[in-house]
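Notes for the one structure printed next.
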There are 2 protein chains.
Amino acid sequence: MARNIAFNEEEAIQKAMDVFWEKGYKGTSLRDLTDAMKINSSSLYNTIGDKQELFVKCVKHYTEIRKRDLDKRLAGTDSPFSILVKYIDDAVNVIISGENSCMAVKAAFEVATNDKRVKDILKEDSDYAYRFLHQLIKKAIENGEISDEEDPELLADYFISVWAGWYESYILHKDPIKIKKMARYFIRQISK
Amino acid sequence: MARNIAFNEEEAIQKAMDVFWEKGYKGTSLRDLTDAMKINSSSLYNTIGDKQELFVKCVKHYTEIRKRDLDKRLAGTDSPFSILVKYIDDAVNVIISGENSCMAVKAAFEVATNDKRVKDILKEDSDYAYRFLHQLIKKAIENGEISDEEDPELLADYFISVWAGWYESYILHKDPIKIKKMARYFIRQISK
DNA sequence: TTAATTCTGAATTGTTTGTTTCAGAATTGC
DNA sequence: GCAATTCTGAAACAAACAATTCAGAATTAA
């Protein structure tokens, strides 16, 4: 019988993800990847596949982490509105404290236009965030914390868009106050 | 005395810009560029410079076109508020009718993090749009078309962010209605 | 026409790219 | 321990990459 694979695939993908996240798809060479993953290219090709395949797996990994995060936020006993506010606060803190932008946003602009698989994964990720926001907003409206004149579907889409734009703003201006103000404005607007 | 350059530099940069716009910086090879520009690589290196230099010139060219567009919008006799609404409408139409995203947004995510020159050009471009929006909103508040409780600086930043996010939304969902709804929501919110 | 200068195009540079090969080390079940 | 199987690592692959070279064509002003 055969021996087992000597490297931990999930750990390796995590390492590869970090490199792709920083350098982008085209900006990352296979040597960058194998160096970070600490495996030989033959092992990579025998187990995971080629560069594209690896990238797809990294994006999938990235979105799975985000999915788990959203699930955890729903698991608590906080009110829908306070979950929402906490989520927005945390999103702002991730933007203004991280060196890098969101990998999903970067990949959307660089890769999703050419690679259907990546696009579908990111679309699924976006839809998941949409449903997360949508249900919270809907419940918050029922609780009377958000005005019933607001459209939960629209607001969910709207937040996802502003949030992506905040990353671009922060790349260019590196101004935390700007982002914080916009977040506060968004919350104030939807608050009854 | 010496002969003149046989190719039109601005035309060549326009062609190069189209390629960079579509394929990104890393995704564009020098062959792609010289093919589109219809010049030899030696001519390119003798007149414009290397790939980076060319990209910087292309981004600059892109932002100059946008600058001229904003200036033209201010030149008319329309009210500040209607200039604003028309600008937003046009922005939406560009997003939902174009195959590609905004080059400035794409470049911000792919290149601006590594290349200071590109970042500075894009920052300047963003600041120009900011001033454009800011003055229109301010005047619209003075005219009573926008509530004086709104903060023109915040709203200008806010629109620039949502607008960038709309591009990501459209890449993933290709849903014109989504974008139109969000634009209408933004206009309705600021309308007195 | 001429001499000075500059631009052009084909060929080529060394490097880096993604990918494959294959001999041998490692691990397994029996 | 052994045979079967599979993983590993160094080396090598062709292709693509950005960039350079240089001889000669083209253009200029006198």
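Below, read A as the first sequence line, B as the second, and so on, with proteins coming before strands; counting in each chain starts at 1.
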(request) Sort and list the pairs that fulfil salt bridge (charged side-chain N to carboxylate O under 4.0 Å, His left out) and have at least one residue in residues 83-109 of chain B, not counting sequence neighbours. (result)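 Every pair satisfying salt bridge (charged side-chain N to carboxylate O under 4.0 Å, His left out) with a residue in residues 83-109 of chain B: B:Arg73-B:Asp90, B:Lys86-B:Asp90.
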(message) Let's see if you can work this out: which of D:dA19, C:dG18, D:dC17 has an atom nearest to the side-chain heavy atoms of B:Tyr45?
(response)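 Given the options D:dA19, C:dG18, D:dC17, the side chain of B:Tyr45 is closest to D:dA19.
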Rounded distance in Å - [atom1] ([X]) to [atom2] ([N]):
X       : N      : atom1 : atom2 : result
B:Asn46 : D:dT20 : CG    : P     : 10 Å
B:Ile48 : D:dA19 : CD1   : C1'   : 15 Å
A:Asp32 : C:dT15 : CG    : P     : 18 Å
A:Lys23 : C:dG18 : NZ    : P     : 11 Å
A:Leu30 : D:dA16 : CG    : P     : 17 Å
A:Met37 : D:dT8  : CE    : P     : 12 Å
A:Ile39 : D:dC7  : CD1   : C1'   : 11 Å
A:Leu44 : C:dT20 : CG    : P     : 11 Å

(message) Here's a test of your reading of the structure: between A:Lys38 and B:Ser29, which maps to the more 5' nucleotide of DNA chain D?
(response)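 Comparing both residues, the 5'-ward one is A:Lys38.
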(request) Look at the side chain of A:Trp21 and the backbone N and O of A:Ala104, then say whether any donor-acceptor pair between them is shorter than 3.5 Å. (result)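 Not confirmed, A:Trp21 side chain does not pair with A:Ala104 backbone.
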(message) Quick check: closest heavy atoms across B:Asn100 and B:Glu22, and the distance to 0.1 Å?
(response)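 For B:Asn100 and B:Glu22, the tightest heavy-atom pair comes out as ND2-CA, 3.3 Å.
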(request) Please name all residues satisfying side chain to side chain donor-acceptor pair (under 3.5 Å) with B:Ser42, sequence neighbours left out, ordered by chain then number. (result)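 Applying side chain to side chain donor-acceptor pair (under 3.5 Å) to B:Ser42 gives B:Asn40.
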(message) Counting only heavy atoms and a strict 4.0 angstrom limit, can you tell me which residues of residues 49-61 of chain B come near DNA chain D?
(response)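 Those residues are B:Asp50, B:Lys51.
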Contacts table for residues 158-169 of chain A: side-chain donor-acceptor under 3.5 angstrom, sequence neighbours left out:
from, atom 1, to, atom 2, distance (Å)
A:Ser161, OG, A:Asp157, O, 3.4

(message) Taking salt bridge (charged side-chain N to carboxylate O under 4.0 Å, His left out) as the definition, give me every residue that meets it alongside A:Lys180, ordered by chain and number, with sequence neighbours left out.
(response) none
Listed pairs, N/O of protein and of nucleotides 10-14 of chain D, under 3.5 Å:
from, atom 1, to, atom 2, distance (Å)
D:dA10, N7, A:Asn40, ND2, 3.2
D:dA10, N6, A:Asn40, OD1, 3.4

(request) Output all residues satisfying side-chain contact (heavy atoms from CB on, under 4.5 Å) with B:Asn93, sequence neighbours left out; order by chain, then residue number. (result)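 For B:Asn93 the side-chain contact (heavy atoms from CB on, under 4.5 Å) partners, ignoring immediate neighbours, are B:Ile96.
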(message) Within the 4.0 Å heavy-atom criterion, would you say A:Thr34 contacts the bases, only the backbone, or no part of the nucleic acid?
(response)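 Counting heavy atoms under 4.0 Å across all strands, no contact is made by A:Thr34.
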Which pairs of donor and acceptor atoms, one on a side chain in residues 108-115 of chain B, lie under 3.5 Å apart (sequence neighbours left out)?
from, atom 1, to, atom 2, distance (Å)
B:Glu110, OE1, B:Tyr25, N, 2.9
B:Glu110, OE2, B:Tyr25, N, 3.4
B:Glu110, OE2, B:Lys26, N, 3.0
B:Asp115, OD1, B:Arg117, N, 2.9
B:Asp115, OD1, B:Val118, N, 3.2

Considering only distance and modelled atom types, tabulate donor-acceptor pairs under 3.5 Å from the side chains of residues 130-137 of chain A, sequence neighbours left out.
none

